2 protein chains.
Amino acid sequence: MPKDIITPRDKDYSQWYLDVIKAADLADYAEVVRGCIVFKPNGYAIWEHIQKALDERIKETGHVNAYFPLLIPKSFITKEAEHVEGFAPELFEISSIGGDVLADPYVIRPTSETIIGHFYAQWINSWRDLPLLINQWANVMRHEKRTRPFLRTAEFLWQEGHTVHATEEDAERETLMILNDVYTDFVENEMALPVLRGRKTEKEKFAGALRTYTIEAMMQDGRSLQAGTSHNLGQNFAKAFDITYLDKDNTLKHAWTTSWGVTTRLIGALIMAHSDDEGLIIPPRLAPIQVVLVPIFKNDSERAIALEAAAKLTAQWKGKIRFKVDDRDYVSPGFKYNEWETRGVPIRVELGPRDIEKNTVAVARRDMPGKAGKVFVSQESLTEYLVELLETIQKALFDRAFQFRADHTFDVSNLEELKVAVDQGFARAYWAGTTEDEDRIQTEFKATVRAIPFDQPTQSGRCIVTGVETTQQVILARAY
Amino acid sequence: MPKDIITPRDKDYSQWYLDVIKAADLADYAEVVRGCIVFKPNGYAIWEHIQKALDERIKETGHVNAYFPLLIPKSFITKEAEHVEGFAPELFEISSIGGDVLADPYVIRPTSETIIGHFYAQWINSWRDLPLLINQWANVMRHEKRTRPFLRTAEFLWQEGHTVHATEEDAERETLMILNDVYTDFVENEMALPVLRGRKTEKEKFAGALRTYTIEAMMQDGRSLQAGTSHNLGQNFAKAFDITYLDKDNTLKHAWTTSWGVTTRLIGALIMAHSDDEGLIIPPRLAPIQVVLVPIFKNDSERAIALEAAAKLTAQWKGKIRFKVDDRDYVSPGFKYNEWETRGVPIRVELGPRDIEKNTVAVARRDMPGKAGKVFVSQESLTEYLVELLETIQKALFDRAFQFRADHTFDVSNLEELKVAVDQGFARAYWAGTTEDEDRIQTEFKATVRAIPFDQPTQSGRCIVTGVETTQQVILARAY
């Protein structure tokens with residue numbers, strides 16, 4: 001079992017990302033199914049922890065889960081004009097069932113606004129039926145020309161919330177509540193990743209939305225990754241699918257709908273934001289294994305003693321720490337250290353004959369490789385020490401990512417500065433440009449307006465493309 | 001809001017089933033997507049509880065979850081001869097992606113042995129890689145001519161376990177362990193449904209399996225419902241997909257694989273086994289809402305008092321009972337009682353002005369409608385009373401189903417008796433017949449051999465079709 005080679009980040013960030021995934025055994029390419037990957041157990045386990053933490057938040061804010069059909073009549077997609085324009089080139093089409101060719105084809109859902117809208121129209125009658133707050137965990141498919149594991153795959157997993165409200169204000173409140181209380185809270189506190197919150201421009205908004213809000217996270221190469229979006233769909237889908245309700249005033253009104261989603265690309269964000277040249281780093285709260293205990297032994301009798309001591313120690317961890325005892329006898333401790341480092345386990349505990357004698361263990365932090373992150377701890381207080389250290393690491397990862405973003409965010413006042421800035425990170429600029437200006441920026445600098453941040457300046461400045469005085473700032477960056 | 005009408009079971013069991021689903025708001029027909037349903041929040045919540053309880057058992061027995069592509073190259077399906085014969089008529093075929101017609105079509109997975117086998121062949125090298133124990137939660141699609149909500153739908157949700165072993169014995173042990181320790185334990189203890197365990201005949205086994213084991217549950221019309229299956233696939237798929245490993249003796253060997261699954265049809269089983277002419281009955285352990293508290297009030301001031309008392313009571317329930325306080329002020333208590341009865345909530349607690357005065361509540365059991373199941377309980381000991389009553393109801397439902405099955409299982413010694421028996425329930429018969437005999441029985445009596453039970457007689461008897469003396473008994477029944 002040779003060590004997997006990980007290309008250093010500063011040599012080739014893109015290759016580093018793929019190497020980290022391979023070394024941590026997170027995914028496999030599915031060449032036989034164009035653009036798809038296999039979510040291997042190590043990768044899928046991270047998704048399960050993401051799901052659990054998100055699902056709790058989604059339910060706490062009053063939503064329930066449901067499940068709608070995978071297939072959508074192709075005609076549904078065309079009912080909302082912007083929607084079909086956005087999604088038509090990405091559709092997987094079903095032509096035959098059990099050998100019979102279909103007159104009216106289906107498509108695999110690229111997103112479910114249309115099919116869900118069809119049912120909501122039947123379910124909603126009166127203002128008493130509102131708000132309707134439903135979420136779905138599902139797979140979706142979109143054709144992608146260039147794919148990257150987790151970040152951009154033809155099939156991906158996600159949750160998609162679809163809600164219906166009586167008024168525009170209610171829909172807007174829901175859209176922002178999801179962005180703030182669910183997505184931002186989750187990504188910052190569980191993924192240890194600070195996000196930029198804001199609104200998308202007309203060019204970047206969801207096909208069919210009135211307004212799209214986004215959370216954007218900075219990766220270690222300075223690029224932005226859209227980590228979640230929340231859409232106020234206005235009455236666009238309500239009108240296309242005739243979602244109406246009888247209001248208190250006894251008049252029939254079109255409802256207002258929202259949709260919002262995060263996907264398995266969050267796994268990609270987690271990898272790219274925190275990992276280092278040794279491999280994966282998983283924030284403790286999402287780590288399937290938080291602590292690995294490596295017993296050290298040279299022979300069978302030492303092994304028996306070490307495993308007994310390990311069992312005694314870990315008995316106290318149950319229910320408090322997700323752990324694994326690596327009791328393999330056919331690889332060396334050094335090999336194990338390396339393997340668990342590569343796989344991103346936040347804490348390694350080493351337990352050798354001398355430790356057992358001295359009633360100590362060695363504790364190594366994944367986020368601080370080498371001697372700096374290694375200490376000897378008494379076995380007496382070990383459980384509390386580890387529980388606390390997990391929180392310390394969680395915070396350290398957030399702080400590091402926060403500092404990195406601060407160091408790589410630049411105020412720019414002209415296109416020359418923009419060019420330099422987007423090579424390194426986020427560019428903050430005054431902006432009064434049009435969609436055409438955005439297109440031009442994208443062509444010239446391969447950067448896009450990632451968000452119109454909620455935090456806006458109190459003073460005005462000159463737009464970097466038009467020179468017009470404006471109070472609106474945007475964040476531009478290259479994006480995944 | 002008129003009361004949904006539920007057809008009595010003895011008038012039309014089939015219509016009763018559909019009425020119960022409608023009244024409890026568990027699903028919606030998706031006419032626009034042939035053979036599919038929407039799992040509405042009330043129905044999906046039951047699935048979430050099933051998933052949680054099953055996933056725990058699957059993990060406790062050493063398995064990990066992963067996710068493989070939805071699409072399978074059509075050519076993969078044909079690699080295992082029996083498999084393609086079984087599944088070809090059921091396939092949904094993808095003809096084009098983003099408008100481009102595909103030369104090599106994909107199918108939507110009807111089950112994933114083939115695509116997973118393809119990857120396992122690449123992942124497994126040595127005996128050290130075995131056993132490989134992976135499970136997947138996913139949607140699958142199979143064309144069905146006659147569909148019924150939950151029981152038989154074109155798209156359904158399931159878990160499919162796929163494991164690889166070094167020897168036939170290991171594969172057989174896994175296959176049976178899943179049937180006994182995971183499926184039987186889950187269905188009997190969580191769903192309160194006794195199961196018959198046994199092996200499928202050659203005619204009834206999974207397309208491509210060496211041996212298929214099944215758990216069969218009796219519904220209230222005496223029919224059998226296959227609640228879960230576990231397959232020892234032998235070396236069939238290992239040979240078709242070249243899953244080999246280098247053994248300790250340094251020779252390359254084909255591995256042995258298993259697969260096993262349960263689906264959303266378990267929701268159908270739960271409904272049909274326990275519910276009554278009033279509507280749904282959900283076993284407490286799987287009930288999304290275990291106790292509903294209905295405060296009774298005639299005016300706003302009574303309402304305030306009742307809600308305050310309700311809040312005080314339910315504060316003690318948190319973390320112990322999944323509950324809901326129905327505080328709606330625009331429907332009567334009677335309407336609420338009926339609605340929660342229809343929706344299968346195991347216990348209803350009524351709290352009126354007189355109860356508040358007397359420091360009592362009325363507690364009504366869903367499994368014993370009317371006065372027989374209603375008692376007054378002191379508020380002091382209410383939490384413990386409810387926790388215990390939930391277990392009592394869980395057991396009562398199991399016992400009732402067990403007794404029903406005992407009363408509807410008949411020993412038959414000829415075809416005349418068989419005919420009478422399968423009209424009412426299970427027929428236990430000596431059997432030495434062939435597949436052709438099974439075909440004939442199916443045509444004549446609309447009954448199939450559901451299982452060759454693990455429990456076999458010590459004495460021999462005459463086969464009901466051939467008259468040959470045999471020690472093998474089977475269970476025949478009509479089936480869902």
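Keep in mind that what you see is a predicted model, and the values were worked out from it rather than measured. Lettering of chains follows the sequences in order, A, B, ..., and the numbering in each one begins at 1.
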Only one of Pro69(A), Pro73(A), Ser75(A) clears side chain to side chain contact (heavy atoms under 4.5 Å, CB included) with Val32(B); which? Pro73(A)

With the side chain counted from C-beta on, respond yes when Arg34(B) and Leu71(A) share a heavy-atom pair under 4.5 Å apart, and no when they do not. no

Taking side chain as everything from C-beta outward and backbone as N, CA, C, O, which of these in Phe156(B) sits under 4.5 Å from a heavy atom of chain A? Side chain, backbone, both or neither. neither

At a heavy-atom distance under 4.5 Å, which candidate from Phe76(B), Trp47(B), Tyr106(B) has the highest pair count against chain A? Tyr106(B)

Which one of Ser95(B), Pro105(B), Gly99(B) has the most heavy-atom pairs closer than 4.5 Å to chain A? Ser95(B)

Determine the option with the most heavy-atom pairs under 4.5 angstrom with chain A, choosing from Ile134(B), Asp25(B), Val33(B). Val33(B)

What part of Ile115(A) gets closer than 4.5 Å to chain B, counting heavy atoms only: side chain, backbone, both or neither? side chain

Let me know if Phe92(B) has heavy atoms under 4.5 Å from chain A in its side chain, its backbone, both or neither. both

Flag the one option from Thr153(B), Ile108(B), Ile72(B) with the top tally of heavy-atom pairs under 4.5 Å to chain A. Ile108(B)

Would you say CG of Asp249(A) has more than 12 non-hydrogen atoms from neighbouring residues, nucleotides or ligands within 6.0 angstrom? yes

Is there a donor in the side chain of Asp28(B) and an acceptor in the side chain of Trp123(A), or the other way round, less than 3.5 Å apart? yes

Does a side-chain heavy-atom distance below 4.5 Å link Asn139(B) with Asn139(A)? yes

Other residues, nucleotides, ligands: >12 heavy atoms within 6.0 Å of Asp104(A) CG: no

Does Leu157(A) offer a backbone N or O that forms a donor-acceptor pair with the side chain of Tyr67(B) under 3.5 Å? no

If you define the side chain from C-beta out and look only at heavy atoms, does anything of Glu48(A) sit under 4.5 Å from Asp55(B)? yes

Please round to the nearest 0.5 Å and tell me the distance separating atom SG of Cys36(A) and atom CG of Leu70(B). 8.0 Å

Using a cut-off of 6.0 Å, state whether more than 12 heavy atoms not belonging to Gln122(B) lie near its atom CD. yes

Would you name the heavy atoms of Glu155(A) and Phe68(B) that are closest together and state the gap between them? OE1-O, 4.4 Å

Can you confirm whether Val64(B) sits close enough to Asn42(A) that some side-chain heavy atom of one is under 4.5 Å from a side-chain heavy atom of the other? no

Measure Lys59(B) against the heavy atoms of chain A and call it side chain, backbone, both or neither at under 4.5 Å. side chain

Rounded to the nearest 0.5 Å, the CZ atom of Arg142(B) sits from the CD1 atom of Ile97(A) at a distance of 15.5 Å

Within 6.0 Å of CD in Glu85(B), more than 12 heavy atoms from elsewhere: no

Taking the side chain as every heavy atom from C-beta outward, state whether Ile94(B) and Glu93(A) have any pair of such atoms under 4.5 Å apart. no

Residue, of Gly98(A), Pro288(A), Pro89(A), Ala154(A), that accumulates the most heavy atom pairs under 4.5 Å with chain B: Gly98(A)

Asn135(A) side, atom CG; Tyr44(B) side, atom OH - distance, nearest 0.5 Å: 9.0 Å

Counting only heavy atoms closer than 4.5 Å, note whether Phe87(B) contacts chain A via side chain, backbone, both or neither. neither

